[in-house]
Amino acid sequence: MVAPSSPVQPALRVRVPAGTTAGAALREGGVPTSGPAAVVVARDAQGVLRDLSWVPDRDTEVEAVAANSPDGRSVIRHSCAHVLAQAVQQHFPGTKLGIGPPVTDGFYYDFDVERPFTPEDLADLEKAMRKIIKSGQRFSRRVLGSVSEAKRELADEPYKLELIDIKGPGSNAGLNPDEVMEVGAGELTMYDNVHPHTGDIIWSDLCRGPHVPTTRHIPAFRLMRTAAAYWRGNEQNSQLQRIYGTAWESTEALERHLELLADAQRRDHRRLGAELDLFSFPDEIGSGLPVFHPRGGTVRRVMEDYSRRRHEEAGYEFVNSPHITKAQLFEMSGHLDWYADSMFPPMHLDEELAQDGTVRKPGQDYYLKPMNCPFHNLIYRSRGRSYRELPLRLFEFGSVYRYEKSGVVHGLTRARGFTQDDAHIYCTPDQLQGEIRSLLTFVLDLLRDFGLDDFYLELSTRNDEKYVGSDEQWEQATDALRQAAEASGLELVLDPGGAAFYAPKISVQAKDALGRTWQLSTIQVDLQEPELFELEYTASDGSRQRPYMIHRALFGSIERFFGILTEHYAGAFPAWLAPVQVVGIPIADEHIEHLQQVAKALRARGIRVEVDTSDERMQKKIRTHTTQKVPFLLLAGNKDVEAGAVSFRFRDGSQVNGVAVEDAVSAITGWVARRENRSPSAAELPIGES
RNA sequence: GCCGGCGUAGCUCAACUGGCAGAGCAACCGCCUUGUAAGCGGUAGGUUCGGGGUUCGAGUCCCCGCGUCGGCUCCA
């Protein structure tokens, strides 16, 4: 999710004389103190964010941090989290506090509470928070003298005590500083919420700050949802109740954010899948196992056909492998050692028992395959290989099954059965670098063809707890990927420890129409499996050599990519992918015949076209097929029939009337053949040009 | 897997504290013959996710299972 754009003001810097508050100096300097650009905190000369009440002990310069800046929003959100915690402890006495940091687009706070929160609780808490905000409590920073003093004050807050302990002298070992706002480097501080008139301390929390000056500087917020979360993110720890909220510099910004969420909901592929009759998840089949309906099947087939063609052109060879295998294969590949938990449990076959019930013949375990690579390795080693054959690129639309935990299954993007556009490239060490580079180009080109064009790369390196192979191998493989990634010129983000047990990887992250990023293609250099499978080729000098192996999936999974595209286009697929590309709508029955002729001409040129001959009125048909997101509607009435023409109506409501049939046909076929990803409209379609 | 919410017709949703399961859309059958986002009328459609329990009586309350949604953890 991206923050709604806001005008970026040049940061205002002012000089703060010793003994003066940063806030006073900034006010003096004329920075806005109300509205969306109001100053909420100051950035000191070292770049550290400070409360406006901060008083430097010598003259210094500070910069105003506005409410509508990324840092400003984080501070507002963090302060809002404090208000939430105060409201919770008022409403539910005895509740223990976890942590409450700002996160992307909002904040959360974790609580150890008697019973989980209900939706009604959220409504009550929001009300209580509004009251607190309106009362204008001051956020007041107080430095604690010592660890023991802190522990005395926080004796009733076991989680905070734990944080103080973990912090230890001068280190934040094991804590993510972005998440744990409670303790900072150097000193322990409390933030007191102080009554604006009486000066009484109403509520306090261990916190490194900074905060907005008063609760009134939280202009707009909303509590979003409740959830459970493990303390310090560890499954072994107790589960706390988390409340998520969002907060913004203005009501308008909040509204924009909520609208964005609503848009995402409207684009949800699970919803569109049902509305557009693309696919479903029948309960009878099981969680995470989709069926594709004819319309979804068409889109999918077009995606696959196009991908096949591109792969063929790029020198791939097509292979096939079965969905199940004896355990032996995944023992050899190491998958059973590492990933047995996320594989479907084995089918035990061919066991024979004697009369007395003892095992006469032990039988075999068969597994559904979670990956295709071991099969491709077997194809590789089915005969002797020569260096002349390399690089050998084996491609398969391979269906795999993974036993995803029940809580993580999510539509098409996280399914238990899905089809990878999987390939394994076997090459010589000399070919590795060139192969990765051309692969990266190939991948990005193909993604662009589907209308995704905003990318960055992520390099996932070895997880030191979970890997096989030698340091040298990992270094070599990682370097090869890094070099290729750097050569691509795309932004490269590091993901330390994110690799699979057998290989480092580059993943292509793509942004969709709403600015959300999705991990799509992955490229992995694997030096382990060729060894495990004892893969070899004969080099030009007659020696036996071990090939390098590259794993790559481009869409990742067809189903997942389908889901992402559905959301990216909000169901309005580009015409070349649309399940139904053209619908003919007669004004009256007597115009059906004319449209049938047009449809015939289109169909002859490979266009997916239907004529709506139902009893409905023309207006209703337009509505129906517009909501079905058909890119081209062709209407015909008396005028059109007499002129040998049709009238275009597009998804956006624009129209071009009285187009000669021949021109209409070539305009549509041209648009589809060019694989235009834009939605056709009167302004976009070059009618009459061929 | 864990915590919480939800599950009523193909879809979206009603049914006050337990008291005769209902509407719109879709489907089907008619009428209307139409120029750019819903013409009119009718018919049919249900073991209220499944199983067990409490009760004179359960869509509603309790237990178990399945599915789903939001998180956490996970994601080769």
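Numbers restart at 1 for each chain; the letters A, B, ... are given by sequence-line order, proteins then strands. Computed from a predicted structure; not experimentally measured.
With sequence neighbours left out, Glu396(A) forms a salt bridge (charged side-chain N to carboxylate O under 4.0 Å, His left out) with Lys369(A).
Remark on RNA chain B: of its neighbouring residues Leu635(A) and Gln524(A), the 5'-side contact belongs to Leu635(A), judged by nearest-heavy-atom nucleotide. Residues Gln519(A) and Arg416(A) both approach RNA chain B. Their nearest nucleotides, taken by heavy-atom distance, put Arg416(A) toward the 5′ side.
The side chain of Arg414(A) lies closest to C75(B) when the candidates are C72(B), C75(B), A76(B). You'll find that the side chain of Met618(A) is closest to U34(B), out of A76(B), U34(B), C75(B).
Within 3.5 Å, no donor on the side chain of Tyr230(A) pairs with an acceptor on the base of G71(B), nor the reverse. You'll find a donor-acceptor pair under 3.5 Å spanning the side chain of Lys405(A) and the base of U73(B), going by distance alone. Not a single donor-acceptor pair, N or O on each side, falls under 3.5 Å between the base of A37(B) and the side chain of Thr627(A). Checked by distance alone, Ser647(A) brings a side-chain donor or acceptor within 3.5 Å of a matching partner on the base of G35(B). The base of C75(B) does not come close enough to the side chain of Arg560(A) for any donor and acceptor atom to sit less than 3.5 Å apart. Checked by distance alone, Gln239(A) brings a side-chain donor or acceptor within 3.5 Å of a matching partner on the base of C2(B). Side-chain to base pairing of Gln655(A) with U36(B): one donor and one acceptor N or O lie within less than 3.5 Å of each other.
The CE atom of Met343(A) sits 16 Å away from the P atom of C75(B) (whole-angstrom rounding).
His323(A) and Tyr401(A) have tilted rings, their planes meeting at an angle from 30° to 60° on a 0 to 90° scale. Using bins of under 30°, 30° to 60° and over 60° for the plane-to-plane angle, the ring pair Phe632(A)/Phe648(A) lands in the perpendicular bin.
The local environment of CD in Gln328(A) is sparse, with at most 12 non-hydrogen atoms from other residues, nucleotides or ligands closer than 6.0 Å.
For C72(B), one of the phosphate oxygens OP1 or OP2 lies less than 4.0 angstrom from a side-chain nitrogen or oxygen of Tyr244(A). Residue Ser406(A) places at least one side-chain N or O under 4.0 Å from the OP1 or OP2 atom of G1(B). Checking the phosphate oxygens (OP1, OP2) of G71(B), no side-chain nitrogen or oxygen of His410(A) falls inside 4.0 Å. Residue Arg649(A) places at least one side-chain N or O closer than 4.0 Å to OP1 or OP2 of A37(B). Between Ser287(A) and the phosphate of U68(B), there is a side-chain N or O to OP1/OP2 separation shorter than 4.0 Å. Remark: Arg225(A) is not in phosphate contact with C6(B), judged by side-chain N or O atoms under 4.0 Å from OP1 or OP2.
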For this session: Could you go through the side-chain contact (heavy atoms from CB on, under 4.5 Å) check for Val493(A) and Leu457(A) one step at a time?
Result: CA-CA 6 Å; Val493(A) 176; Leu457(A) 302 179; over 6 Å; no

Distances under 3.5 Å between nitrogen or oxygen atoms of protein and nucleotides 24-32 of chain B:
unit_1 : atom_1 : unit_2    : atom_2 : d
A26(B) : OP1    : Lys620(A) : NZ     : 2.6
C32(B) : O2     : Arg617(A) : NH1    : 3.4

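Side-chain atoms of Glu275(A) and Gln628(A) form no donor-acceptor pair, as typed in the model, at a separation below 3.5 Å.
Pair check for A15(B) finds none; no Watson-Crick or G-U wobble contact set falls under 3.5 Å.
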